[in-house]
Colleague: 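Structure in structure tokens, see below.
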Amino acid sequence: MKYALYLGCTIQAEQFGCEISAREVLPRLGVELVDMEGTSCCGFPAFSSLSTIGWFYLSARNLALAENLGLDILTLCNGCYASFVETKHNLEENADLKGFIQEKLRQEGLEYTGDIRVIHIIELLHDLIGTEKISETVTNPLKGIKLAAHPGCHAIRPSSLGRPDNAENPQKLDHLITALGAETMDYPEKTDCCGSMLATASGTTTLTIAAEKLKAVEGYGFDGLVTTCPFCFQMFDGRQGEINDIIDFIFDTDSEELEVPIFYYTQLLGLAMGLKPEKLGLELNLSPVDALVEKIAGGAK
Amino acid sequence: MSDDIDKEQVEFVSLLLQREVSEMDAEVCEQCGKCTSACPVAIYMEGFNPRRLIAKVALGRTDELLESDTIWTCTSCLKCKERCPENISPYDVILVLRNLAVRAGHPYPAGYDETIKAVLEYGVAQQPRMVRTRAHERRDRASLGLPPAEKPRDMKKFNEVLGGIVRAGGSG
Amino acid sequence: MTMGEPIVPRIGVFVCHCGINIGGIVDVPSVVEYAEKLPGVVYAEDNLYSCSSDGLNKLKEGIKQHNLNRVVVASCTPRTHESLFQDACEEAGLNKYLFEMANIRDQCSWVHMHEPEAATEKAKGLVRMAVAKARLLEPQEEPEIDINPTSLVIGGGISGLTSALSLSEQGFKVHLVEKQPELGGMLLQLEKLFPSDRDSMELLRPRIDSARSNPNIELHTTSKVKSVKGFIGNFDVEIESQEGDVKKLNVGTIIVATGAENLEPVGLYGYGEDERVITQLQLEKMFKDGSLEGVRTVVMIQCVGSRNEERPYCSRVCCNEAVKNALLLLKESGTRREVYILYRDLQTYGTHYSSMEWDAKKQGVKLIKYQAERPPEVISERDAVIVNVYSPLLDEEMSLRSDLVVLSTPLIPTEDAKELSQLLKVPLNSDGFFMEAHVKLRPIDFATDGIYLCGTAHSPKDVSESISQALGVASRAAIPMARGRLRTAAITAEVDESKCSGCGTCIELCPYNAITKDEREIARITSAVCKGCGVCGASCPERAITMHHFTDEQLGAEGLAALGRVDD
Amino acid sequence: MKSVLVIGGGIAGIQASLDLADRGIKVHLVEKTPSIGGVMAQLDKTFPTLDCSMCILAPKMIECFRHPNITLHTLSEVSKVTGSAGDFYVNILEKARYVDASKCTGCGLCSEKCPVRLPSEFQAGMGTRKAIYMPFPQAVPLVACIDSEHCLYFQKGVCRVCEKLCPAVAIDYEQQPREVEVNVSSIIAATGFETYNPQEIGEYGYGRYKNVLTALEFERLICASGPTGGKLERPSDAKISHRIAFVQCVGSRDHRVGVPYCSSICCMYATKEAVLIKEHDPESAVTVFYIDLKVFGQGFQDFVERARDDWGVRYIRGRPGEIREHPFTKDLTIWYENTDTGKVSKTEVDLVVLCTAMVPRPENKELADVLGVELDEYGFLKAQDPLSNPIETNIPGIYVCGCCHGPRDIPESITEASGAVAKAAELIVKVADGGEG
């Protein structure tokens with residue numbers, strides 16, 4: 001199990017918790033991560049909106065770099081995953097588009113054939129590694145903790161192009177959570193969007209959409225929310241403070257502030273493996289995770 | 001058209017956009033409302049209604065849409081594409097309309113330009129930055145023991161190639 | 001009245017639960033208990049579903065074991081189940097008119113759902129009345145009549161032709177009456193037929209030719225039905241041709257296939273004032289004459305004159321007609337044409353019409369929904385007809401410049417439908433079309449035996465549905481004709497010659513003209529024609545007419561029982 | 001004179017058999033399930049007249065059973081057909097019923113004590129039946145039958161309770177299937193349709209959310225002979241449902257999943273079921289979500305107007321995008337856009353009824369091979385010429401009627417059944433006077 005690790009802009013620039021915990025736990029599951037040189041942005045969402053061909057070029061070059069290493073490419077971000085799958089699909093569908101992009105890539109000294117598999121982190125953990133193997137590595141089960149799974153839009157839609165999990169009834173992230181000994185539950189808002197792509201267009205609406213999901217999760221009595229996508233994590237964790245600043249405007253009633261601990265799955269996996277919180281970038285989570293981390297990490301002593 | 005824009009690339013981009021417009025299938029839409037009723041944005045923003053957008057495209061009224069700012073407030077959640085009984089994808093229609101709006105020189109949210117400039121200059125949408133922990137301490141890739149961020153080997157070549165494509169698309 | 005010593009009535013009462021429809025409200029066991037004590041009743045029982053084969057077996061065994069000579073079933077409506085129980089009595093050797101039903105469901109448990117005690121008392125009352133009448137019932141014999149294996153088909157359109165041809169192929173003689181000089185009906189006005197744009201003559205021509213050459217079919221064109229007398233198996237019909245000569249025919253069955261007409265939407269959307277505002281039929285004609293050059297933009301408006309106060313029904317075919325014509329407009333022209341269809345609810349149902357709608361949208365036909373309360377507005381201008389319409393789906397007022405406005409109008413009953421319905425004594429429904437016996441299970445029979453109905457005379461429908469109905473009546477009409485003989489109901493009226501004063505009141509009032517005066521000026525009722533409606537019996541000043549199975553004594557006993565008096 | 005084979009004992013097959021038998025032509029009526037009656041037997045009431053479906057069907061079923069000219073083959077299928085128009089040789093495979101029909105009185109004692117409880121096909125899975133059962137009280141023939149796949153004796157060689165209990169000594173575990181060959185002049189296919197299973201439309205949650213039912217399941221729920229005796233007890237907590245929503249075009253008019261065509265009758269049976277709810281409880285809130293109300297039939301428009309204006313049924317144009325189930329209360333929230341106003345909103349209901357498409361039976365493929373009849377692009381049996389010859393097929397002497405060749409309502413099925421009989425009678429007359437053999 002050897003993959004070219006593609007981080008993407010958001011993880012590489014600010015979502016370090018995701019990268020740290022992934023680098024820490026995946027090798028313990030027999031996955032060898034090979035860093036790629038010369039990677040660039042995958043083009044989503046700016047280029048896909050303004051210059052479709054620019055978007056295909058950016059995604060194709062990263063795929064070419066992985067092809068160059070002779071490895072399948074592993075992505076930790078829903079946006080990048082969607083970009084690569086859409087690009088592969090469009091280039092397969094449209095021969096002269098593929099020719100155009102390949103010719104552009106040669107100018108950068110890169111060769112793209114499209115003969116590469118794009119692996120999503122959920123697909124790697126659930127389908128390729130498997131929940132039994134993950135449970136075997138759990139020394140400190142997350143007993144008595146009820147977590148809401150948030151796979152994120154591009155991990156499940158559109159089903160027409162093939163996605164790691166079912167569009168309407170995704171269960172894989174739930175299985176991965178229960179594999180750590182924690183509890184989970186189906187809740188209606190599971191397949192809802194975190195709203196982050198709206199940031200460029202309308203600040204308040206993007207926060208409202210995220211707030212609605214967090215409020216629902218809190219309402220159902222979950223102890224926290226788990227995701228694998230840096231965009232979603234950034235919205236729920238990084239901007240939970242901003243949401244609370246305008247909470248009365250969003251829900252136009254004087255409701256209490258939201259206090260929902262947000263985790264990357266790989267962070268929780270690390271804790272369940274008995275690793276120290278510091279080794280999993282948990283100090284970087286801005287949502288109120290201390291009590292829960294204490295409870296889990298405490299169990300490890 | 002200024003000289004540094006490659007005619008052949010402009011030709012290619014418009015050909016591609018034409019093809020995508022024809023494949024929109026907006027005309028078979030039954031106006032059933034499944035897309036709008038599942039759309040998270042339509043609930044909060046009065047003007048945003050994917051069904052009406054498709055109705056206008058089916059009636060050939062795309063210029064009106066290119067000028068409006070509604071095509072820029074989609075959150076790419078893909079529920080509309082997933083659930084349309086006629087396999088129409090308002091999301092893909094919106095992406096094409098955005099590309100056409102940019103080519104036609106209509107205004108669009110500034111955030112996109114900053115990202116495009118950053119990618120052209122540094123190869124990434126965001127340069128690695130200092131972040132703060134819950135305890136308000138400052139951390140960066142180095143202090144967290146992470147390898148330095150990657151970017152394209154030959155930035156000049158990368159900028160030249162990508163810049164050409166973007167200019168052919170009529171933006172940037 | 002049958003003489004001989006009076007028979008001691010041995011009545012069996014069978015009370016039904018009908019699942020919980022009755023049993024859920026009426027205390028059925030207590031009704032059984034009550035029935036057992038009624039005078040004349042020797043056996044009573046209840047069962048879950050009397051109409052199931054198990055229930056019928058219990059009824060037959062009950063008759064044999066307790067050698068019952070009268071049976072009362074307290075269950076549901078005689079309308080659907082009386083013949084079922086009568087046949088069961090007959091199979092057990094009991095004359096089927098020694099049977100009476102008490103409706104303790106529709107007239108009791110269903111309407112008194114919330115007062116179980118009162119409903120139970122009422123059920124006992126209804127059983128008491130039925131038993132009182134049952135005590136006085138007498139056996140009846142059903143007269144048998146011969147059926148003339150000849151059929152009269154009224155209407156020479158696609159329906160009339162199809163049913164006439166099928167009946168002739170089945171070996172029956174057919175008289176086909178058509179008021180126009182040539183056969184074909186509405187299809188003559190249609191150019192192409194949906195869903196597959198088939199030429200209408202390609203469908204009509206073979207049928208007309210084989211009708212003309214078929215020895216079993218006698219054609220009467222430019223002719224109308226003048227009068228109809230008689231009953232199933234023996235209808236005396238007069239046919240009058242345009243020139244006035246009258247032919248007399250005797251036929252066993254009659255098929256109404258008189259079709260429908262298209263509404264002339266005078267006064268709607270400027271029709272009649274601006275000749276660029278036409279109907280779909282006129283558009284068909286323009287296809288035929290090829291007079292559509294220069295027409296670039298066409299706007300069609302649906303539900304013109306239908307689904308409104310005056311004509312509340314949906315005319316079923318106009319949407320598919322419009323979509324078909326829209327497709328033809330786009331396929332036919334060399335120049336780029338625009339076609340809009342303004343609709344309220346597009347009726348493109350079923351597999352074929354759904355795919356036709358899909359093709360139309362693919363070809364670029366633009367569908368605009370409008371609301372009944374905000375209909376489109378048509379304004380004539382010099383070089384265009386402006387159609388303003390509010391589209392709720394876009395929440396916008398749209399203005400379309402068109403070269404042609406095509407109104408989709410409904411099919412309406414033919415004006416002579418009323419006259420024919422009186423001739424045949426068959427009802428029309430509230431929309432003015434002929435009314436079938438039962439909309440669900442007898443859609444192509446009339447309530448009157450021997451008369452059948454198909455095509456757009458029944459209600460608007462398309463060509464393939466008319467053909468199916470035409471073939472359907474060809475089977476329905478063939479049943480009595482194939483059997484040759486038929487037993488008719490014995491519930492008929494009879495004149496007591498000693499009392500009849502010959503005043504003729506009954507003859508006037510009989511809706512089925514089943515009564516004539518004999519040479520001695522005494523009224524005489526032909527039992528085969530009599531439907532047992534009771535008008536004559538009720539109106540006879542001399543009380544000379546008795547209704548079999550509903551004699552004065554029987555009804556009197558029932559009335560007294562209703563008041564609680566149960567003694568003989 | 002030759003007889004005619006009718007395949008399928010639903011209302012179309014029954015009508016065809018009675019038309020043939022009443023005019024003196026012998027009929028072999030082959031029915032796959034233990035009783036004739038078809039889907040109509042499962043209905044509570046019928047539109048637009050609100051007649052009790054079983055009340056107008058049962059007399060016809062019994063007429064079929066007692067008619068001297070009709071031979072009924074239940075639990076049977078056509079296994080082979082040879083010959084041609086006017087002279088077909090048909091093999092009918094009669095599966096074993098394991099109950100002697102001549103002895104069984106239909107008393108039902110065997111079912112009472114049978115320990116095996118299974119979902120009842122007649123109750124559309126809403127109620128249960130035993131391994132030895134009669135599908136419904138008015139079943140014709142009213143004879144029990146043993147489901148050997150689930151009977152403990154057949155599976156594990158134990159139990160035999162029914163044999164001990166049967167007063168008529170009618171149980172016969174050794175009964176063998178038998179093949180019967182009949183010589184018929186023509187064949188009328190009336191095998192009906194199936195309702196589409198909407199499980200693949202994930203956003204509506206059928207199969208996951210307990211209180212999302214199909215219209216046929218709801219028909220059993222509201223029927224007095226249904227599992228709850230007609231009380232609208234919803235599956236999750238048996239709470240009486242007051243807020244009910246109907247969703248139209250589920251699987252119909254869908255190019256993604258299901259079928260692309262409109263199934264013609266769903267707007268009407270939804271309106272009927274809505275009115276039935278209002279009859280049960282006038283205070284209930286009933287909503288129908290539709291796109292184009294199909295009111296093309298006799299009396300349909302008037303029926304919808306009465307439902308809307310007199311009964312207060314709410315009609316909203318807009319196909320719901322999503323149905324959500326509250327994890328604890330199991331109440332359902334429907335997200336929809338009222339496309340007439342463009343406003344997106346949600347409504348909370350106790351029960352959702354999905355009006356699913358009418359789709360061809362999977363067995364059509366097999367039947368088509370046996371008969372040699374072609375299937376259309378959707379899998380329905382194909383009429384030779386849907387416009388001018390909607391009843392004949394590509395094989396002379398084999399006719400189709402009812403929903404086996406496309407969605408249609410009961411009156412149309414009955415009319416076509418009579419039409420098929422007309423064609424069959426034409427063939428008999430033609431062959432009789434020396435036509436083509």
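Per chain, numbering begins at 1; letters A, B, ... match sequence-line order.
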Colleague: Going from OG on C/S166 to NZ on D/K423, what distance comes out if it is rounded to the nearest 0.5 angstrom?
Modeller: 6.0 Å
Colleague: Does some side-chain heavy atom of C/S468 sit less than 4.5 Å from a side-chain heavy atom of D/P390?
Modeller: yes
Colleague: Using non-hydrogen atoms and a 4.5 Å limit, figure out which bit of D/A424 sits close to chain C: side chain, backbone, both or neither.
Modeller: neither
Colleague: Taking the side chain as every heavy atom from C-beta outward, state whether C/Q371 and D/R317 have any atom pair closer than 4.5 Å.
Modeller: no
Colleague: Are more than 12 heavy atoms, taken from residues, nucleotides or ligands other than D/K60, located less than 6.0 Å from that residue's NZ atom?
Modeller: yes
Colleague: Under a 4.5 Å heavy-atom cut-off, does chain C meet the side chain of D/E377, its backbone, both or neither?
Modeller: neither
Colleague: Please name the pair of heavy atoms, one in D/A422 and one in C/A474, separated by the smallest distance, quoted to 0.1 Å.
Modeller: CB-CB, 4.0 Å
Colleague: Heavy-atom distance under 4.5 Å between the side chains of C/P392 and D/T341, does that happen here?
Modeller: no
Colleague: Can you tell me which portion of C/F85 sits under 4.5 Å from chain D's heavy atoms? Options are side chain, backbone, both or neither.
Modeller: neither
Colleague: Is C/Y343 close to chain D through its backbone or its side chain, or both, or neither, when contacts mean heavy atoms under 4.5 Å?
Modeller: side chain
Colleague: Does a sphere of radius 6.0 Å around CD in C/E373 hold more than 12 heavy atoms from other residues, nucleotides or ligands, not counting ones at 6.0 Å or beyond?
Modeller: yes
Colleague: Would C/K440 pass as a cation-pi partner of D/F47, given that its NZ or CZ must be under 6.0 Å from the six-membered ring centre and within 45 degrees of the axis?
Modeller: yes
Colleague: Provide the closest heavy-atom pair for C/N429 versus D/Q298 in the form atom of the first, atom of the second, distance.
Modeller: ND2-NE2, 3.6 Å
Colleague: Hey, which of D/I291, D/I410, D/T105, D/D292 has the most heavy atom pairs under 4.5 Å with chain C?
Modeller: D/D292
Colleague: Where does C/H458 contact chain D at under 4.5 Å (heavy atoms): side chain, backbone, both or neither?
Modeller: both
Colleague: Select one option (side chain, backbone, both, neither) describing which atoms of D/I11 are under 4.5 Å from chain C's heavy atoms.
Modeller: side chain
Colleague: Taking every heavy-atom pair that is under 4.5 Å apart, which of C/P195, C/S430, C/P443 has the most such pairs with chain D?
Modeller: C/P443
Colleague: Working to the nearest 0.5 angstrom, can you tell me the gap between D/E305 CD and C/R307 CZ?
Modeller: 8.0 Å
Colleague: With rounding to the nearest 0.5 Å, note down the distance linking OH in C/Y349 to CZ in D/R408.
Modeller: 9.5 Å
Colleague: Contact part of D/L142 toward chain C, heavy-atom cut-off under 4.5 Å: side chain, backbone, both or neither?
Modeller: both
Colleague: C/L56 versus chain D, heavy atoms under 4.5 Å apart: side chain, backbone, both or neither?
Modeller: side chain
Colleague: Give a yes or no answer on whether the side chain of D/E426 reaches the backbone of C/G171 with a donor-acceptor pair at less than 3.5 Å.
Modeller: no
Colleague: Just give me the residue among D/M54, D/Q15, D/R66 that pairs up with chain C most often, heavy atom to heavy atom, under 4.5 Å.
Modeller: D/R66
Colleague: Which one, C/S52, C/A482, C/G350, leads in non-hydrogen pairs under 4.5 Å with chain D?
Modeller: C/G350
Colleague: What option among C/R442, C/E169, C/Q347, C/H81 has the most heavy-atom pairs under 4.5 Å with chain D?
Modeller: C/Q347
Colleague: Give, as side chain, backbone, both or neither, the part of C/D87 having an atom under 4.5 angstrom from any heavy atom of chain D.
Modeller: both
Colleague: Could you give the distance from CZ (C/R311) to CD (D/Q301), rounded to the nearest 0.5 Å?
Modeller: 13.5 Å
Colleague: Less than 4.5 Å to any heavy atom of chain D: does that hold for the side chain of C/R207, its backbone, both, or neither?
Modeller: side chain
Colleague: Please examine the side chains of D/T339 and C/K369, heavy atoms only from C-beta on, and report whether any two atoms are closer than 4.5 Å.
Modeller: no
Colleague: Between CG of D/D51 and CZ of C/R79, what distance do you get to the nearest 0.5 Å?
Modeller: 5.5 Å
Colleague: On a heavy-atom basis, which atom in C/W110 and which in D/C52 lie closest, and how many Å separate them?
Modeller: CH2-CB, 4.5 Å
Colleague: I need the minimum non-hydrogen distance between D/P411 and C/V439, along with the two atoms involved.
Modeller: CG-O, 3.3 Å
Colleague: With a 4.5 angstrom heavy-atom cut-off, is it the side chain or the backbone of C/L441 that approaches chain D, or both, or neither?
Modeller: both
Colleague: Is there a side-chain contact between C/Y49 and D/S225 in this structure, where contact means two heavy atoms from C-beta onward sitting under 4.5 Å apart?
Modeller: yes
Colleague: Of the backbone (N, CA, C, O) and the side chain (C-beta and beyond), which part of C/N57 lies under 4.5 Å from a heavy atom of chain D, both, or neither?
Modeller: neither
Colleague: What part of C/I467 gets closer than 4.5 Å to chain D, counting heavy atoms only: side chain, backbone, both or neither?
Modeller: side chain
Colleague: Just so I know, are the side chains of D/H255 and C/W358 near enough to count as touching, which here means a heavy-atom distance under 4.5 Å?
Modeller: yes
Colleague: Got a donor-acceptor contact below 3.5 angstrom from the C/S354 side chain to the D/C262 backbone?
Modeller: yes
Colleague: Where does D/I62 contact chain C at under 4.5 Å (heavy atoms): side chain, backbone, both or neither?
Modeller: side chain
Colleague: At a heavy-atom separation under 4.5 Å, does D/D385 approach chain C through its side chain, its backbone, both, or neither?
Modeller: side chain
Colleague: Looking at D/Q138, D/E63, D/R253, D/E337, which has the largest count of heavy-atom pairs under 4.5 Å with chain C?
Modeller: D/Q138
Colleague: Any donor-acceptor pair under 3.5 Å linking the side chain of C/R483 with the backbone of D/D22?
Modeller: yes
Colleague: Looking at D/I56, D/V421, D/L57, D/I391, which one has more heavy-atom pairs under 4.5 Å with chain C than the rest?
Modeller: D/I56
Colleague: How far does OG1 of C/T351 sit from CG of D/D376, to the nearest 0.5 angstrom?
Modeller: 6.0 Å
Colleague: Around atom NZ of D/K343, are there more than 12 heavy atoms from other residues, nucleotides or ligands closer than 6.0 Å?
Modeller: no
Colleague: Less than 4.5 Å apart, side chain to side chain, heavy atoms only: is that true for D/S388 and C/L203?
Modeller: yes
Colleague: So, C/Q170 versus D/R23: side-chain donor-acceptor pair below 3.5 Å or not?
Modeller: yes
Colleague: Counting only non-hydrogen atoms closer than 4.5 Å, does D/M134 touch chain C with its backbone (N, CA, C, O), its side chain (CB onward), both, or neither?
Modeller: neither
Colleague: Can you say whether D/E412 sits under 4.5 Å from chain C via the side chain, the backbone, both, or neither, judging by heavy atoms?
Modeller: side chain
Colleague: What part of D/I414 is in contact with chain C, defined as an atom under 4.5 angstrom from a non-hydrogen atom: side chain, backbone, both or neither?
Modeller: side chain
Colleague: Taking D/D19 first and then C/R476, would you say they form a salt bridge - that is, a charged N and a carboxylate O separated by under 4.0 Å?
Modeller: yes
